[in-house]
Amino acid sequence: MPQIIDGKLISTQIKDELKEQVAAMKAEGVSICLAVIQVGNDPASSVYVNNKKKACAYIGIDSLSYELPEETTQEELIDLIKELNDRKDVNGILVQLPVPKHIDEDAIIRAIDPMKDVDGFHPQSVGALCIGQPGFVSCTPAGIIQLLKRSGIEIAGKECVVIGRSNIVGKPMSLLLLRENGTVTVTHSRTKDLQEVTKRADILIVAIGKPKMITKEYVKEGAVVIDVGIHRNEENKLCGDVDYDDVAPICSAITPVPGGVGPMTIAMLMNNCVESAVLNR
Ligand code: NDP
């Protein structure tokens with residue numbers, strides 16, 4: 001049987017460590033505050049925003065919540081971001097994506113002060129990751145590195161294959177694996193013979209956005225498989241990009257969905273908030 005990588009447990013460990021760190025910082029008079037902005041009332045975004053606020057409350061991070069109407073203009077949103085950039089009591093700024101279509105997402109990301117960019121999406125943060133300098137790292141891939149490390153899985157020298165090259169998962173994931181001295185291959189929709197490439201992987205990271213697409217034909221015997229995907233199947237149950245029942249018997253370790261990568265994203269967001277407060281002290 002493979003090792004089941006328990007993201008719920010590991011994310012709780014991280015949040016508990018952060019809770020202790022925040023309590024110690026508070027005792028020294030340092031408080032931490034995350035500003036969360038949601039434009040419109042997309043139900044999925046509201047769930048994410050609420051979960052982020054709950055995690056802040058658990059750890060002892062203050063949160064400021066801005067629920068703006070759908071018709072908010074780009075200029076109004078940027079004005080609010082600028083105001084938060086200037087506030088000394090705000091350590092992190094998060095704009096829940098996606099924003100409504102009339103707002104340019106890239107302009108919003110660029111407006112956030114890189115020192116408060118706890119999502120790690122600002123071009124300066126991505127550039128810093130690329131050249132190995134300190135900066136905030138996108139939360140989902142950062143969480144995957146923690147899952148691997150805390151499960152005792154060595155990355156250095158391993159063949160790592162990432163399926164997907166999105167700005168928030170695939171690309172930063174490949175850079176982080178490289179930083180950990182993995183030998184990294186990135187695949188995408190134009191990759192020829194995907195199976196031939198993925199079968200080389202000691203560590204296979206799947207962020208393809210297609211329910212249960214990755215079956216055992218894509219996986220080398222004994223590989224570690226990390227499933228980033230989240231979907232609802234026909235029975236309204238959560239499933240990933242990996243066909244878990246098919247793949248689990250042949251791999252050495254695997255993340256389930258739910259309870260694998262998902263919980264790590266918020267834990268790493270909290271980690272970035274604490275890091276921001278430490279850096280800006
Ligand atoms: P995107 O849709 O932005 O990217 C998907 C990537 O997969 C693209 O690079 C695309 O290639 C590639 N791809 C699509 N089809 C194929 C194919 N047939 N063969 C090879 N590559 C293919 O998705 P995200 O990166 O944003 O998310 C991926 C998954 O992870 C989704 O299920 C999403 O819901 C989930 N997710 C989960 C998070 C969590 O916290 N657990 C956080 C973020 C995402 P190309 O670039 O050529 O189009």
Side-chain angles (χ1 to χ4, degrees), residues 5-12 14-15 42-52 54-55 94-99 105-106 109 118-121 126 129 136-148 160-177 184-201 204-215 217-219 225-233 236-244 247 254-272:
I5 300 176
D6 189 342
K8 219 168 158 201
L9 181 78
I10 295 173
S11 67
T12 304
I14 292 174
K15 284 192 280 187
D42 170 58
S45 291
S46 300
V47 171
Y48 291 133
V49 164
N50 276 333
N51 287 342
K52 288 168 188 174
K54 267 192 225 159
L94 182 150
V95 179
Q96 184 62 45
L97 301 177
V99 283
E105 197 168 284
D106 288 340
I109 292 171
V118 285
D119 255 339
F121 294 163
V126 179
L129 172 62
F136 294 111
V137 175
S138 179
C139 300
T140 303
I144 291 170
I145 296 293
Q146 284 301 313
L147 280 181
L148 293 169
C160 304
V161 175
V162 180
I163 316 183
R165 57 175 166 180
S166 70
N167 288 342
I168 63 166
V169 186
K171 280 191 198 127
M173 186 74 249
S174 55
L175 290 167
L176 283 175
L177 289 164
V184 184
T185 306
V186 186
T187 65
H188 45 77
S189 66
R190 307 284 288 272
T191 297
K192 283 186 188 150
D193 200 349
L194 184 64
Q195 281 187 21
E196 187 268 321
V197 182
T198 58
K199 278 216 143 191
R200 286 188 233 144
L204 179 63
I205 314 277
V206 187
I208 200 170
K210 304 229 184 308
K212 292 190 176 184
M213 181 178 147
I214 299 306
T215 54
E217 287 71 30
Y218 290 83
V219 180
V225 177
I226 305 290
D227 187 356
V228 187
I230 312 177
H231 312 275
R232 289 218 172 260
N233 67 13
N236 205 29
K237 284 202 180 129
L238 288 176
C239 71
D241 289 347
V242 174
D243 185 339
Y244 184 91
V247 170
I254 187 166
T255 55
V257 177
V261 173
M264 295 301 292
T265 301
I266 289 188
M268 297 318 288
L269 173 68
M270 297 297 108
N271 180 69
N272 282 353

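Ligands are counted one by one from 1 in listed order, and the atoms in each one are counted from 1 as well. All figures in this text were calculated on a predicted structure; none of them were measured in a lab.
Tested against Ile163 for a side chain to side chain contact (heavy atoms under 4.5 Å, CB included), the candidates Val169, Val242, Thr198, Asp241 yield a single pass: Thr198.
At a threshold of 4.0 Å, the pair Glu196-Arg200 counts as salt-bridged, since one of the basic side-chain nitrogens sits closer than that to a carboxylate oxygen.
Residue Asp241 approaches ligand 1 through these ligand atoms, each under 4.0 Å from one of its heavy atoms: 29 (C), 32 (O). Using a 4.0 Å cut-off to heavy atoms of His231, the atoms of ligand 1 that qualify are 32 (O). Residue Gly164 has at least one heavy-atom neighbour below 4.0 Å for each of these atoms of ligand 1: 6 (C), 7 (O), 9 (O). Near Gly229, the atoms of ligand 1 lying under 4.0 angstrom from a non-hydrogen atom of the residue are 29 (C), 30 (O), 32 (O), 35 (C). Listed by number with element, the atoms of ligand 1 under 4.0 angstrom from any heavy atom of Leu194 are 19 (N), 20 (C). Each of the following atoms of ligand 1 lies closer than 4.0 Å to a heavy atom of Met213: 18 (N). In the vicinity of Gly262, heavy-atom distances shorter than 4.0 Å reach the ligand 1 atoms 41 (N).
Residue Val186 comes nearest to Gly164 through the heavy atom pair CG1-O, 3.7 Å, listed as atom of the first residue, atom of the second, then distance.
In this structure, atom 21 (N) of ligand 1 lies nearest to the protein heavy atom His188 C, 3.0 Å. Of all protein heavy atoms, the one closest to atom 24 (P) of ligand 1 is Ser166 OG, 3.7 Å. The shortest contact between atom 44 (C) of ligand 1 and any protein heavy atom is with Val169 CG2, 4.0 Å. Scanning the protein for heavy atoms near atom 16 (C) of ligand 1, the closest one is Ile208 CG1, 3.6 Å. Residue, atom and distance of the protein heavy atom nearest to atom 36 (N) of ligand 1 are Val228 O, 3.7 Å. Of the protein's non-hydrogen atoms, Ile230 N, 4.4 Å is the one closest to atom 33 (C) of ligand 1. Arg165 N, 4.0 Å is the protein heavy atom nearest to atom 8 (C) of ligand 1. Nearest non-hydrogen protein atom to atom 40 (O) of ligand 1 is Thr265 OG1, 2.8 Å.
Inter-residue side-chain proximity for Val261 and Ile144 is flagged as met; some heavy-atom pair is nearer than 4.5 Å. Annotation: side chain of His231 is not in contact with side chain of Lys212 (no heavy-atom distance under 4.5 Å). The closest side-chain heavy-atom distance from Arg190 to Arg165 is below 4.5 Å. Residues Thr185 and Val162 have side chains not in contact (no heavy-atom distance under 4.5 Å, counting atoms from C-beta outward).
Between Thr140 and ligand 1 there is a heavy-atom distance shorter than 4.0 Å. Met264 does not count as a contact of ligand 1, since none of its heavy atoms falls under 4.0 Å from the ligand. Proximity of Gly170 to ligand 1 is not established, as no heavy-atom distance is less than 4.0 Å.
Asp119 contributes no side-chain N or O that, together with a main-chain N or O of Phe121, makes up a donor-acceptor pair within less than 3.5 Å. Here the side chain of Asp243 pairs no donor or acceptor atom with the backbone of Thr215 at under 3.5 angstrom. Using a distance-only test at 3.5 Å, with no hydrogens or angles considered, no donor-acceptor pair links the side chain of Thr187 to the main chain of Val161. A distance-only check finds a donor-acceptor pair linking the side chain of Ser138 to the backbone of Ile168 [under 3.5 Å].
Counting heavy-atom neighbours within 6.0 Å of Tyr244 OH, excluding the residue itself, gives a total above 12.
Some N or O of Ser189 is nearer than 3.5 Å to an N or O of ligand 1, by distance alone. Residue Thr187 places no N or O, backbone or side chain, under 3.5 Å from any N or O of ligand 1.
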Quiz prompt | From CA spacing to verdict: side chain to side chain donor-acceptor pair (under 3.5 Å), Asn233, Lys237 | solution = CA-CA 5 Å; Asn233 67 13; Lys237 284 202 180 129; over 6 Å; no

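By the definition of a contact as any protein heavy atom under 4.0 Å away, atom 2 (O) of ligand 1 is not in contact.
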